[in-house]
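All of these numbers come straight from a predicted model, not from anything done at the bench. Whatever order the structure lists them in is the order used to number ligands and atoms, beginning at 1.
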Amino acid sequence: MRKVAIVGVGQSPFGRASDRGINELAWQAIKQALQDAGITQRDVGFVSVANVGGWSAEPLPAISVNEYAGLTGVGTYRVEAACASGSAALVTAANLVSSGAVDIALAVGVERMNESPTPTAVELIGRAGNYFWEFDMFGLTFPSYYALYATAYMNKYGATEEDLAKISVKNHFYASFNEYAAFRKRVTVDDVLKSRPVAWPLKLLDCSPITDGAAAVVLASEDVARKLTDTPVWIAGVGYGSDTSNLSKRPDFLTLRATRKAAAEAYKKAGVDPSKPVKSFDVVEVHDCFTIAEILAYEDLGFAAPGQGYMLAREGETYKGGLIPVNLDGGLKAKGHPIGATGVSMAAEITKQLRQEVPAERQADIVKGMGLAHNVGGTGHYTYVTIYSLQKPG
Ligand SMILES: CC(C)(COP(=O)(O)OP(=O)(O)OC[C@H]1O[C@@H](n2cnc3c(N)ncnc32)[C@H](O)[C@@H]1OP(=O)(O)O)[C@@H](O)C(=O)NCCC(=O)NCCS
């Protein structure tokens with residue numbers, strides 16, 4: 001198998017895109033990524049488009065996005081793995097390069113969620129838990145699923161609403177330095193605690209927003225990458241995991257088994273010591289769709305022991321300069337979560353971090369040259385853990 005590197009990245013501003021259709025939104029990201037890589041549409045061998053849709057009018061966005069972007073005729077498909085669609089699109093595109101099928105592939109994620117009113121978007125996401133037993137029978141939506149995780153966690157380990165709030169404060173802080181973030185206003189613990197209740201203990205400022213946005217990355221084979229750039233960002237390992245859709249078939253609400261499996265696999269492939277993964281990474285992106293999700297991710301990725309993840313938040317250890325800097329772009333909470341775009345945007349962020357191209361206030365110290373992106377779909381239905389490195393993997 002050939003080694004694969006990211007050689008170009010781009011993204012649209014996240015937030016509300018009422019002035020741009022889905023194709024134009026995607027083009028904003030694609031154009032930047034092509035320019036960053038120093039290539040044109042003619043060089044692209046395949047386009048993998050992540051989009052969940054349902055809330056937006058365009059049912060076959062892979063074709064219309066490519067048409068708008070001058071990529072008609074190139075091999076393409078649409079990829080869906082719920083909120084992990086972006087990582088799934090990236091991994092399938094990388095596999096096409098790795099196998100030798102193409103030399104350059106583009107992974108694009110795009111979502112225009114605000115085409116529907118928020119309650120419709122929330123309902124459509126809710127149907128993606130377990131439709132029959134959980135949505136139809138009990139009306140569970142995603143804030144309520146993650147509220148179940150939060151109450152179970154707080155009850156067992158003694159974490160507080162303030163601990164959850166600290167995740168939001170950190171992510172809003174870093175979003176204030178990110179020109180692409182949906183929310184650039186800093187918040188305090190008090191603001192979070194006083195924000196509107198959504199599903200106790202989660203409040204408005206514990207939740208990621210309904211978001212429009214797009215991201216794109218250019219993936220290239222080793223030969224091509226070396227010609228295009230001096231700083232290829234290599235894919236050093238990818239791990240996959242999945243779980244039941246039905247929460248009642250899982251042993252507890254304190255961990256996502258899909259993440260544990262995906263992390264173990266990615267660490268093995270990238271040569272990361274699973275007993276001390278924090279030692280390997282300069283910067284990490286985790287799937288903080290709700291504040292509790294970031295704390296669970298700390299534990300499932302092995303950054304903290306079970307029941308200790310909230311202490312990392314309490315002690316500020318996931319800020320820049322701490323034990324392990326997490327979500328220095330604002331995360332899903334404050335950068336936003338345009339579902340299909342999220343995983344691709346994580347890859348773009350880790351790439352820019354490793355290339356030391358983000359504003360100083362949120363630039364991690366790059367010493368080890370490695371970063372990680374953790375992208376979860378559903379309530380833990382799918383997880384992709386992708387490890388990126390400045391060193392070519394062995
Ligand atoms: C939390 C949530 C229910 C809020 O929805 P809502 O109460 O209907 O909010 P609205 O869209 O009507 O927005 C109302 C206001 O709150 C703000 N807002 C909405 N969501 C926000 C959020 N998550 N964080 C901060 N502010 C938010 C809006 O900007 C708007 O502000 P304005 O009045 O100043 O314009 C909704 O954003 C949600 O369901 N988020 C989770 C999405 C999700 O599940 N994604 C998949 C996870 S895996």
_Residues clustering with Val7 (ILVMFWY side chains joined when closer than 4.5 Å, directly or via others)_ = Ile22, Leu25, Trp27, Ile30, Leu34, Ile39, Val44, Val47, Val49, Val65, Tyr68, Leu71, Val74, Ile104, Leu106, Val108, Val110, Val218, Val224, Leu228

*So if you build clusters from Ile, Leu, Val, Met, Phe, Trp, Tyr with side-chain heavy-atom gaps below 4.5 Å, do Phe135 and Phe290 land together?*
no

*Measure up the Tyr145 and Phe142 rings against each other and bin them: parallel (under 30°), tilted (30 to 60°), perpendicular (over 60°).*
perpendicular

_Tyr310: which residues meet the ring pair (Phe, Tyr, Trp, His ring centres under 6.0 Å) condition with it, sequence neighbours left out?_
none

*Contacts of Tyr384 that satisfy ring pair (Phe, Tyr, Trp, His ring centres under 6.0 Å) - sequence neighbours left out*: Tyr240

*Ion pair present between Arg314 and Asp163, side-chain N to carboxylate O less than 4.0 angstrom?*
yes

Distances for all N or O pairs of ligand 1 and the protein under 3.5 Å?
unit_1	atom_1	unit_2	atom_2	d
ligand 1	7 (O)	Arg196	NH1	2.8
ligand 1	7 (O)	Arg196	NH2	3.0
ligand 1	11 (O)	Thr118	OG1	2.8
ligand 1	23 (N)	Cys207	O	2.7
ligand 1	23 (N)	Ser208	O	3.4
ligand 1	23 (N)	Pro209	N	3.4
ligand 1	24 (N)	Lys333	NZ	3.0
ligand 1	40 (N)	Ser208	O	2.8

